[in-house]
Undergrad: 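Here it is: the structure, laid out below.
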2 protein chains.
Amino acid sequence: MESRRVTLKDIAKSLGVSVNTVSRALTGKDSVGEDTRTRIKEEARRLGYVPNSMARSLVLGSAMTLGLVITNPSNPFYARLISTIEQRGRVHGYSLMLLVTEESQDGDEAAAETLLRWGVDGALVVPVQSDGEHWDRLDESGVPVVCLNRDFPALELDFIGVDYDNAAYEATRHLIDGGARSLCLLEEDLPISPVADRTAGFRRALADAGLGAAGDPVLSVPTRRQESLALPWDPGDAYRIAQDIVSGGDLPDAIMVGNDYFALGVYRALNEAGLSAPRDVLVGGFGDHPFAAYLSPPLTTVRLPAADIGTTAVDVLLRRMKGSAGQPEKRRLPSELVVRASSRTGESPPT
Amino acid sequence: MESRRVTLKDIAKSLGVSVNTVSRALTGKDSVGEDTRTRIKEEARRLGYVPNSMARSLVLGSAMTLGLVITNPSNPFYARLISTIEQRGRVHGYSLMLLVTEESQDGDEAAAETLLRWGVDGALVVPVQSDGEHWDRLDESGVPVVCLNRDFPALELDFIGVDYDNAAYEATRHLIDGGARSLCLLEEDLPISPVADRTAGFRRALADAGLGAAGDPVLSVPTRRQESLALPWDPGDAYRIAQDIVSGGDLPDAIMVGNDYFALGVYRALNEAGLSAPRDVLVGGFGDHPFAAYLSPPLTTVRLPAADIGTTAVDVLLRRMKGSAGQPEKRRLPSELVVRASSRTGESPPT
DNA sequence: ATGAAAGCGCTAACAA
DNA sequence: TTGTTAGCGCTTTCAT
């Protein structure tokens with residue numbers, strides 16, 4: 001039953017030729033007779049030969065594998081990254097080794113170690129925290145590393161992410177143009193660049209419009225990460241904060257949130273207070289997750305270039321793997337503000 | 001710069017011992033002197049030795065890798081499977097090779113081939129369609145295969161999924177208990193077991209309640225899969241069907257949908273017609289996706305045991321890998337109906 | 001055009 | 001306890 005796997009040697013023996021000839025015939029090398037090549041190919045098919053990628057990689061010195069390190073696949077943005085990266089890699093003949101870190105520093109370091117052991121040809125990683133020198137080390141060990149979505153300037157690594165700063169600026173601008181004079185921003189409490197960038201863009205828009213706030217308009221949402229596996233972000237986390245805002249007396253004209261899930265929490269808080277967007281408050285989010293267009297009211301949000309980031313990142317990585325040296329490349333791709341009813345102050349009722 | 005990677009041989013040479021001794025010392029074999037072991041370990045650290053998993057696997061004959069084949073990581077249910085499986089595998093020392101098939105039969109077959117080439121120790125797969133004999137073949141080649149979520153009785157493989165039949169029965173029952181006499185079910189148009197099972201459970205509940213419908217109460221939602229990478233399901237697909245229902249004259253008392261995203265489309269169609277749940281129609285979904293609790297009204301839906309399925313599947317696979325033979329095991333795990341306002345006909349306004 | 005020999009990095013016999 | 005030999009399956013010299 002457990003018939004041992006067919007190897008080159010088996011074919012060679014069965015045909016009375018050398019292993020080596022079989023190898024050349026099967027890998028399409030030229031120095032092989034037309035007739036022998038056909039005979040070998042047929043015998044290979046007959047015996048059900050399947051090349052052993054492992055052995056091949058060992059001798060070739062290339063694993064033909066890319067490593068992908070993700071904090072949480074349940075985040076839809078990362079789910080899309082996984083898809084596009086797997087695809088793009090496969091097109092170039094690479095398999096994908098996936099590691100999940102769950103925002104754990106230990107997991108992050110363990111992931112780097114695992115990738116090193118396997119000798120993957122390159123790694124794409126959403127780093128957990130600012131302490132990511134192990135990624136630098138991996139890179140220096142000869143495994144090129146490209147960071148996704150989260151940038152740490154201290155790391156001398158390529159980075160492909162979103163231009164959250166500008167995106168936040170535009171979105172905020174849009175709300176201000178809609179008449180908002182007092183605004184606030186709800187952001188998760190992680191020390192990562194997307195949060196920092198969105199915050200910066202938001203603040204700049206406020207400053208440019210001469211809207212100095214009384215208190216700090218940026219509210220940090222403590223995220224409970226116990227169930228990180230199951231959830232992207234928990235709307236409930238934002239709900240609690242939004243309740244405070246709503247019951248606080250002076251309702252802002254507009255509320256921005258760092259991700260669409262937080263908007264769900266804001267909507268609920270508003271509802272429960274008998275308020276609604278855009279009548280009482282304008283609301284804007286980030287992510288354009290599939291549900292955003294179907295909420296009531298449909299949510300104005302920033303559509304992120306997930307596919308672009310995935311393919312660009314793989315391309316950049318492949319280039320590094322080919323040995324192109326030079327300064328690390330830090331790219332922030334543009335996103336698109338999708339305006340929907342939650343921020344439309346104008347006339348028209350929903351069509 | 002590109003300093004070649006440190007190998008056992010390097011350590012051996014540097015210490016004047018045999019490669020073999022180094023191997024034993026580092027892998028914790030007993031037949032090694034206390035002193036030499038320490039010396040070797042230190043030298044290994046000093047030189048920055050990292051074991052080569054590839055070489056190790058080649059000689060051991062085990063890749064220490066599991067294959068995971070998923071149709072679409074953007075489906076939150078599958079995203080959770082990815083997380084739990086990666087975790088559970090890692091706990092047992094296995095790395096994960098991820099393949100994405102995008103509902104393509106070719107992709108499905110290619111995935112099986114890739115896993116065979118790499119000689120993974122086992123595979124977990126959400127098969128694309130009914131034609132999955134390549135998975136049977138992979139299994140017979142000595143790579144145990146466990147199917148996830150979608151079962152094809154023709155395949156002689158282990159299967160771990162959801163008891164959708166019973167779940168649909170219970171959910172339907174709940175709607176009927178709420179007073180619904182006419183019901184319909186919106187399901188995507190794929191020939192897969194989850195759809196078939198939910199449909200069966202739904203029909204059975206109707207029959208048991210003596211609710212023979214005039215026409216067929218099960219509506220097939222044509223899903224446009226062009227953008228499969230980006231989306232889980234498209235609410236718009238269900239929206240179009242729901243519009244027909246709403247404008248059709250005789251509104252059913254309750255609408256069930258095969259996934260929560262379809263409920264979004266139904267909600268919109270209702271809204272636009274000036275209708276709402278639960279007043280005019282009861283609505284129930286599947287998935288309990290994070291947004292479900294935050295819709296207005298909050299959506300009654302079936303919470304799927306994603307984590308259970310993931311861990312159970314890995315455990316079953318590991319058992320198979322250890323060589324336990326026997327009939328394939330087909331398990332359908334129970335889910336939980338989460339009742340929310342969309343199906344509450346009773347008194348209370350939302351708290 | 002083909003074969004023989006060597007080696008990728010590691011582990012598992014078998015000796016010593 | 002340690003070293004020697006052999007081999008995992010494959011590719012790449014180098015001869016022939």
Side-chain angles (χ1 to χ4, degrees), chain A residues 2-41 43-44 47-65 93 116-121 141-142, chain B residues 2-41 43-44 47-65 93 116-121 141-142:
Chain A
E2 275 293 341
S3 51
R4 198 186 39 76
R5 194 166 154 166
V6 179
T7 72
L8 289 188
K9 203 202 286 190
D10 297 323
I11 304 180
K13 195 174 303 174
S14 152
L15 249 47
V17 294
S18 88
V19 181
N20 170 340
T21 305
V22 178
S23 170
R24 283 183 299 218
L26 260 31
T27 48
K29 293 283 192 306
D30 43 349
S31 44
V32 125
E34 258 319 307
D35 45 333
T36 31
R37 159 159 291 147
T38 356
R39 279 175 50 227
I40 290 177
K41 284 197 166 171
E43 188 67 0
L47 296 179
Y49 170 72
V50 176
N52 183 326
S53 297
M54 211 113 211
R56 186 159 212 279
S57 285
L58 182 60
V59 52
L60 260 353
S62 157
M64 286 313 288
T65 298
L116 189 52
R117 286 177 181 236
W118 279 107
V120 297
D121 301 297
S141 307
Chain B
E2 273 294 343
S3 51
R4 199 184 40 74
R5 193 164 155 166
V6 178
T7 72
L8 288 188
K9 205 202 285 188
D10 298 321
I11 304 180
K13 194 174 304 175
S14 151
L15 250 47
V17 296
S18 90
V19 179
N20 184 332
T21 306
V22 179
S23 169
R24 282 182 300 214
L26 261 30
T27 49
K29 293 284 193 303
D30 43 348
S31 42
V32 123
E34 258 318 307
D35 45 333
T36 31
R37 157 160 294 147
T38 355
R39 281 174 50 228
I40 290 177
K41 282 195 167 173
E43 188 67 0
L47 297 179
Y49 171 73
V50 175
N52 183 326
S53 296
M54 211 111 213
R56 187 158 210 279
S57 286
L58 183 61
V59 54
L60 260 351
S62 157
M64 287 314 287
T65 298
L116 189 52
R117 286 178 181 237
W118 279 107
V120 297
D121 301 296
S141 307

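Order of the sequence lines fixes the chain letters, A, B, ..., with proteins taken first and strands second; residue numbering starts at 1 for each chain.
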Undergrad: Anything under 3.5 Å between a donor and an acceptor, one on a side chain of residues 26-35 of chain B, the other on a protein residue two or more places apart or in another chain? List them.
TA:
{"unit_1": "Thr27(B)", "atom_1": "OG1", "unit_2": "Ser23(B)", "atom_2": "O", "d": "2.7"}

Undergrad: Grab the two heavy atoms, one from Val6(B) and one from Leu47(B), that are nearest each other, plus how far apart they are.
TA: CG2-O, 3.2 Å

Undergrad: Whole-Å distance between dC14(C) C1' and Arg24(B) CZ?
TA: 11 Å

Undergrad: Whole-Å distance between dC10(D) P and Leu26(A) CG?
TA: 9 Å

Undergrad: Specify the separation, in whole Å, of atom CE of Met64(B) and atom C1' of dC8(D).
TA: 17 Å

Undergrad: Nearest of dG9(C), dA13(C), dG9(D) to any side-chain atom of Val59(A)?
TA: dG9(D)

Undergrad: Expressed as a whole number of angstroms, how long is the span from Met54(A):CE to dC10(C):P?
TA: 13 Å

Undergrad: Nearest to the side chain of Arg56(B), heavy atoms from C-beta on, is which of dT11(C), dG7(C), dG9(C)?
TA: dT11(C)

Undergrad: Nearest to the side chain of Asn20(B), which nucleotide is it out of dA13(C), dG9(D), dC10(C)?
TA: dA13(C)

Undergrad: If you find the nucleotide of DNA chain D closest to Val50(A) and the one closest to Val17(B), which residue's nucleotide is nearer the 5' end?
TA: Val17(B)

Undergrad: Is any side-chain nitrogen or oxygen of Lys9(A) closer than 4.0 Å to OP1 or OP2 of dG7(D)?
TA: no

Undergrad: Counting side-chain heavy atoms from C-beta on, which of dT12(D), dG7(D), dG3(D) comes nearest to Thr21(B)?
TA: dG3(D)

Undergrad: If you assign each of Leu60(B) and Asp30(A) to its closest nucleotide in DNA chain C, which residue comes earlier from the 5' end?
TA: Asp30(A)

Undergrad: Would Asn20(B) and Arg24(B) count as having a side-chain donor-acceptor pair, cut-off 3.5 Å?
TA: yes

Undergrad: If you take all heavy atoms of Ser18(A) and Ala12(A), which pair is closest and at what distance?
TA: C-CB, 3.8 Å

Undergrad: List in numerical order all residues of residues 31-40 of chain B for which some heavy atom is under 4.0 Å away from an atom belonging to DNA chain D.
TA: Ser31(B), Val32(B), Gly33(B), Thr36(B)

Undergrad: Does dT2(D) have OP1 or OP2 under 4.0 Å away from a side-chain N or O of Lys29(B)?
TA: no

Undergrad: Nearest whole angstrom, please: distance from the P of dC10(C) to the CH2 of Trp118(A).
TA: 13 Å

Undergrad: Whole Å only: how far is the CG atom of Leu58(B) from the P atom of dC8(C)?
TA: 14 Å

Undergrad: Any idea which of dC10(C), dG3(C), dG9(D) is nearest the Asn52(B) side chain?
TA: dC10(C)

Undergrad: Would you kindly give the CZ-to-C1' distance between Arg5(A) and dC10(D), to the nearest whole Å?
TA: 12 Å

Undergrad: To the nearest 0.5 Å, what is the distance between CD1 on Ile40(B) and CG on Leu8(B)?
TA: 9.5 Å

Undergrad: With distance as the sole test, does Arg5(A) use its side chain to make a donor-acceptor pair with the main-chain N or O of Pro51(A) at under 3.5 Å?
TA: yes

Undergrad: Within the 4.5 Å heavy-atom criterion, are Thr7(B) and Asp10(B) side-chain neighbours or not?
TA: yes

Undergrad: Can you figure out which of dT2(C), dG3(D), dC10(D) approaches the side chain of Thr7(A) most closely?
TA: dC10(D)

Undergrad: Taking 4.0 Å as the cut-off, does a side-chain nitrogen or oxygen of Ser18(B) come that near to OP1 or OP2 on dG3(D)?
TA: yes

Undergrad: Indicate whether OP1 or OP2 belonging to dC10(C) is found under 4.0 Å from a side-chain N or O atom of Ser23(B).
TA: no

Undergrad: Return the value, rounded to whole Å, for the distance between atom CG of Asp10(A) and atom C1' of dG9(D).
TA: 10 Å

Undergrad: Is the backbone N or O of Ser62(B) less than 3.5 Å from a side-chain atom of Ser57(B), with the two atoms forming a donor-acceptor pair by type?
TA: yes

Undergrad: Indicate, with a heavy-atom threshold strictly under 4.0 Å, whether Thr27(B) touches base, sugar-phosphate, or nothing.
TA: sugar-phosphate

